[in-house]
Amino acid sequence: MSQTAQRRARFGFAALLWAALSLPLQAQTDRPAQPEPPTGRSDKTLAHAQRHMVAAAHPLAVEAGLKILDAGGSAVDAMITVQLVLNLVEPHASGLGGGAFLMHYNAGHREIQAYDGRETAPAAATAELFMRDGKAMQFREAVAGGRAVGTPGVARLLEQAHRKHGRLPWALLFEPAIALAEKGYPMSRRVHALLLREEALAGEAAAREHFLNADGTPKAAGTIMRNREFAETLRALQSGGADAFYRGAIARDLVAAVRGHARNPGVLDLKDLDDYQVREVDPLCAPYREYRVCGMPPSSSGGIAVLQMLGMLSHHDLSALAPGSVQAVHLLAEAGRLAYADRDRWVADDRFVEVPVAGLLDPGYLASRARLISNERSMVKAEAGTPPGARLVHADDTLEEVTGTSHVAIIDAAGNAVSLTTTIENFFGSRLMVRGFLLNNQLTDFNFNPQQDGRTVANAVAPGKRPRSSMAPTLVFRKNGDLHLVVGSPGGSRIINYVAKTLIATLDWNMDIQSAIALPNAGSRNGPTEIERDTAYAALAEPLQAMGHEVQLVDMTSGLHGIMRAGRGWQGGADPRREGIAKGR
């Protein structure tokens with residue numbers, strides 16, 4: 001190790017020790033600024049930074065990540081710490097029991113890496129996993145318990161990313177979360193509000209003890225929460241790496257909880273954990289206006305769908321339209337219909353079905369799809385197209401996704417960037433809590449009925465298969481190759497529309513990242529045109545209906561986090577619909 005590297009490591013060690021000691025004291029005395037319940041809003045201000053920045057779903061996670069960056073850590077180092085703290089303070093959304101997609105930019109080499117840490121179906125899973133007596137199970141029947149638990153990917157993803165892009169020692173990145181877990185952190189109002197709407201959690205002993213009072217009511221917002229079991233889990237990974245999660249006592253406890261569930265057992269096995277691998281995949285990139293937009297390939301549909309929407313909308317002069325105008329929302333909804341139709345027909349885990357990725361993003365194909373968009377009338381329902389190179393071998397398989405997900409955006413002092421979308425699928429996942437963390441219910445992202453019109457659907461359950469996702473961590477580059485924007489969101493299948501909205505707002509309407517994120521949500525998933533209720537866009541319902549749209553006013557609780565180039569520095573934004581922040585130095 002060089003003398004410079006040694007000094008950096010010593011400085012990092014001292015700074016991290018300070019962070020580990022100071023974080024819990026701050027957590028016990030401070031409260032997140034203006035946290036909000038799931039459908040509430042709190043104003044967020046545009047953040048500025050000259051060196052580095054973190055945007056994530058909870059202030060304590062952001063502060064922990066910043067201290068890693070202050071200590072000389074890389075964007076990936078900070079991401080690891082942020083994810084581990086989020087597991088504590090935003091436990092319903094992501095963590096070691098789930099999976100994630102990571103887009104990473106290496107500024108030194110000007111390279112983009114994409115990592116698929118999505119959960120996989122156990123080897124014993126069958127296409128009929130969610131069928132009962134020849135009929136698809138109800139979601140509520142399937143979600144709670146062991147049946148829907150897929151092999152988690154987060155721990156292996158964190159380790160693999162650190163090996164390639166980490167700067168500080170692995171063990172040090174765990175200290176902030178360990179300290180918070182042992183010394184305490186306040187339950188946020190958002191977690192409390194979600195618990196008020198949650199019923200299945202009370203049926204799972206470990207989760208009930210952690211989140212609920214003895215009388216079954218949710219612990220109050222501001223209650224100092226401790227999670228010593230999770231601290232022990234983190235110490236095991238701290239010293240033993242991801243193998244401590246996928247092999248040994250933690251793995252045995254995880255499998256026992258899944259297979260031994262009294263009402264809804266699953267089929268996860270120790271070998272599933274031992275065999276799990278993160279996929280390093282080629283990012284999908286395409287031009288949009290004067291920019292290059294890059295996203296995740298399958299098993300996520302998010303990258304393809306966002307790039308398709310942009311490709312179709314590139315044939316319209318969106319810069320001439322006002323944000324929030326009837327015509328702008330109309331075009332966004334129509335492009336969404338076409339992209340979601342293709343998504344439902346063609347996209348799933350590309351190791352199991354043939355996904356015509358190149359054809360779906362072919363400029364000529366997207367131009368032909370764009371010609372289906374009328375400026376005057378809605379098409380109401382789009383049909384999937386036949387992209388170049390496609391062979392029709394499976395059926396259209398529309399599926400609703402739910403939204404226990406989080407997004408993290410980070411830029412470090414060297415200009416490296418992370419766009420991470422991470423999830424346990426439903427709020428509170430499977431409700432199974434093991435070793436201090438909740439397990440995912442990710443297998444419910446597969447289609448419950450594997451057959452449609454006599455053909456197998458693309459997103460049917462299969463051993464080792466990754467369920468289709470809509471997560472869309474995104475990086476945007478300028479014409480000269482410089483990084484311009486990092487963005488992503490939770491939100492189930494609406495993620496695609498949330499991210500597309502933010503890209504259009506920044507790239508076409510020249511909005512700052514905070515204003516773009518705060519812009520009301522609207523779009524279509526090839527069904528009704530959805531408008532975010534209780535926003536200025538609600539006034540668009542009547543003129544859109546006059547154009548043939550079936551309009552629904554709904555809660556659209558995105559959780560967008562983004563960082564955008566601003567001169568020689570950066571600007572950051574956090575979604576006003578949730579409790580996250582953006583902050584930098």
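These numbers were taken from a predicted model, which means no experiment stands behind them.
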| task | Kindly assign one of parallel, tilted or perpendicular to the pair Tyr105 and Phe477, based on the angle between their ring planes and the thresholds 30° and 60°. | result | perpendicular
| task | List for me each residue that meets salt bridge (Lys or Arg N to Asp or Glu O under 4.0 Å) alongside Arg163, sequence neighbours excluded, and say none if there are none. | result | Glu159
| message | Determine whether a donor-acceptor pair (N or O, by modelled atom type, separation under 3.5 Å) exists between the side chain of Lys501 and the backbone of Leu519. | response | yes
| message | Before you tell me yes or no, could you show the steps for Trp346 and Leu360 under side chain to side chain contact (heavy atoms under 4.5 Å, CB included), namely the whole-Å CA-CA distance, both residues' side-chain angles and the distance that decides it to 0.1 Å? | response | CA-CA 9 Å; Trp346 298 110; Leu360 289 166; 3.9 Å; yes
| task | For residues His92 and Arg190, determine if any side-chain heavy atom of one lies less than 4.5 Å from a side-chain heavy atom of the other. | result | yes
| query | Would you say Asp350's side chain and Val355's backbone share a donor-acceptor pair under 3.5 angstrom? | reply | no
| said: Is there a side-chain contact between Leu310 and Ile504 in this structure, where contact means two heavy atoms from C-beta onward sitting under 4.5 Å apart? | reply: yes
| note | Rounded to the nearest 0.5 Å, the CG atom of Leu485 sits from the CD atom of Gln571 at a distance of 9.0 Å
| query | Can a salt bridge be assigned to the pair Asp342 and Arg337 using a cut-off of 4.0 Å between side-chain N and carboxylate O? | reply | no
| query | Would you find a donor on one side and an acceptor on the other, under 3.5 Å apart, between the side chain of Tyr340 and the backbone of Ala305? | reply | no
| said: Suppose we screen for salt bridge (Lys or Arg N to Asp or Glu O under 4.0 Å). Which residues come up paired with Arg51, at least two apart in sequence or across chains? | reply: none
| message | Pair Val408, His561 - check side chain to side chain contact (heavy atoms under 4.5 Å, CB included), show working. | response | CA-CA 7 Å; Val408 178; His561 293 108; over 6 Å; no
| Nearest 0.5 Å, what's the OG-CG distance between Ser493 and Asn526? | 11.5 Å
| message | Could you check whether any side-chain N or O of Lys44 sits under 3.5 Å from a backbone N or O of Gly580, counting only pairs where one atom can act as donor and the other as acceptor? | response | yes
| said: Going by side chain to side chain contact (heavy atoms under 4.5 Å, CB included), name the residues that satisfy it together with Asp77, two or more places apart in sequence or in a different chain. | reply: Ile68, Ser74, His162, Arg167, Leu168, Leu173
| Is the backbone N or O of Ser314 less than 3.5 Å from a side-chain atom of Arg289, with the two atoms forming a donor-acceptor pair by type? | yes
| Check: Arg494/Ser489 side-chain N/O donor and acceptor closer than 3.5 Å | no
| Donor-acceptor pair, side chain of Trp509 and main chain of Leu318, under 3.5 angstrom | yes
| note | On a heavy-atom basis, the closest approach of Ala348 and Pro298 is O-CB, 3.4 Å
| field | Closest approach of Met511 to Pro323 (non-hydrogen atoms, all atoms of both residues) | value | SD-CG, 4.3 Å
| field | Under-4.0 Å salt bridge between Asp116 and Arg351 | value | no
| query | So, do Leu273 and Tyr246 sit near enough that their side-chain heavy atoms are less than 4.5 Å apart? | reply | yes
| said: Around atom CG of Asp282, are there more than 12 heavy atoms from other residues, nucleotides or ligands closer than 6.0 Å? | reply: no
| Less than 4.5 Å apart, any side-chain heavy atom of Leu84 and any of Leu96? | yes
| Within-4.5 Å side-chain heavy-atom neighbours: Tyr288 and Asp508 | yes
| task | Establish, from distance only, whether the side-chain atoms of Asp272 and Thr151 form a donor-acceptor pair under 3.5 Å. | result | no
| task | Compute whether any side-chain donor of one residue and acceptor of the other, for Gln308 and Arg343, lie under 3.5 angstrom apart. | result | no
| said: Quick check: closest heavy atoms across Ala333 and Ser524, and the distance to 0.1 Å? | reply: O-CB, 3.5 Å
| query | Is there a side-chain contact between Arg478 and Glu290, using heavy atoms and a 4.5 Å cut-off? | reply | no
| remark: Here the gap from Gln113 atom CD to Gln160 atom CD, rounded to the nearest 0.5 Å, amounts to 11.5 Å
| query | Does the Gln238 side chain pair with the main chain of Ala171, one donor and one acceptor, at a distance under 3.5 Å? | reply | yes
| request: Compare every heavy atom of Ala57 with every heavy atom of Ser406, then report the nearest pair and how far apart it is. | output: OG-CB, 3.3 Å
| query | Looking at side-chain heavy atoms only, is the closest gap between Ser515 and Thr506 below 4.5 Å? | reply | no
| For Ala107, does its backbone N or O pair with a side-chain atom of Asn416 as donor and acceptor, under 3.5 Å? | yes
| request: Mark yes when over 12 heavy atoms from residues, nucleotides or ligands other than Glu280 sit less than 6.0 Å from its CD; otherwise mark no. | output: yes
| Take atom CD in Glu111; do more than 12 heavy atoms of anything else shown fall under 6.0 Å from it? | yes
| field | Ala100 backbone acceptor or donor facing Thr422 side chain under 3.5 Å | value | no
| said: Is the ring pair His165/Tyr115 parallel, tilted or perpendicular, if the boundaries are 30 and 60 degrees? | reply: perpendicular
| Full working for side chain to side chain contact (heavy atoms under 4.5 Å, CB included) between Ile410 and His52 | CA-CA 8 Å; Ile410 301 175; His52 49 239; over 6 Å; no
| note | In this structure, CE of Met296 is separated from CG of Leu284 (nearest 0.5 Å) by 8.0 Å
| request: Please confirm whether the backbone N or O of Asp482 pairs with a side-chain atom of His484, one donor and one acceptor, at under 3.5 Å? | output: no
| message | I'd like to know if the side chain of Glu425 pairs up with that of Asn440 as donor and acceptor (distance under 3.5 Å, no hydrogens or angles considered). | response | no
| request: Measure across Val418 and Val486 and return the closest heavy-atom pair with its distance rounded to 0.1 Å. | output: O-CG1, 3.3 Å
| request: For this output row, return yes or no: ring centroids of Phe245 and Phe437 closer than 6.0 angstrom. | output: yes
| message | If the threshold is 4.0 Å, N to carboxylate O, is there a salt bridge linking Arg247 and Asp243? | response | yes
| message | For Val281 versus Pro297, what's the shortest heavy-atom pair and its separation? | response | CG2-CG, 3.5 Å
| Chi angles and distances behind the side chain to side chain contact (heavy atoms under 4.5 Å, CB included) call for Val82, Leu420 | CA-CA 11 Å; Val82 169; Leu420 174 84; over 6 Å; no
| request: Answer whether the closest heavy-atom distance between the side chains of Leu483 and Arg565 falls below 4.5 Å. | output: yes
| From Leu88 atom CG to Leu60 atom CG, the distance as rounded to the nearest 0.5 Å | 9.5 Å
| Got a second to check how far Asp349's CG is from Arg468's CZ, nearest 0.5 Å? | 11.5 Å
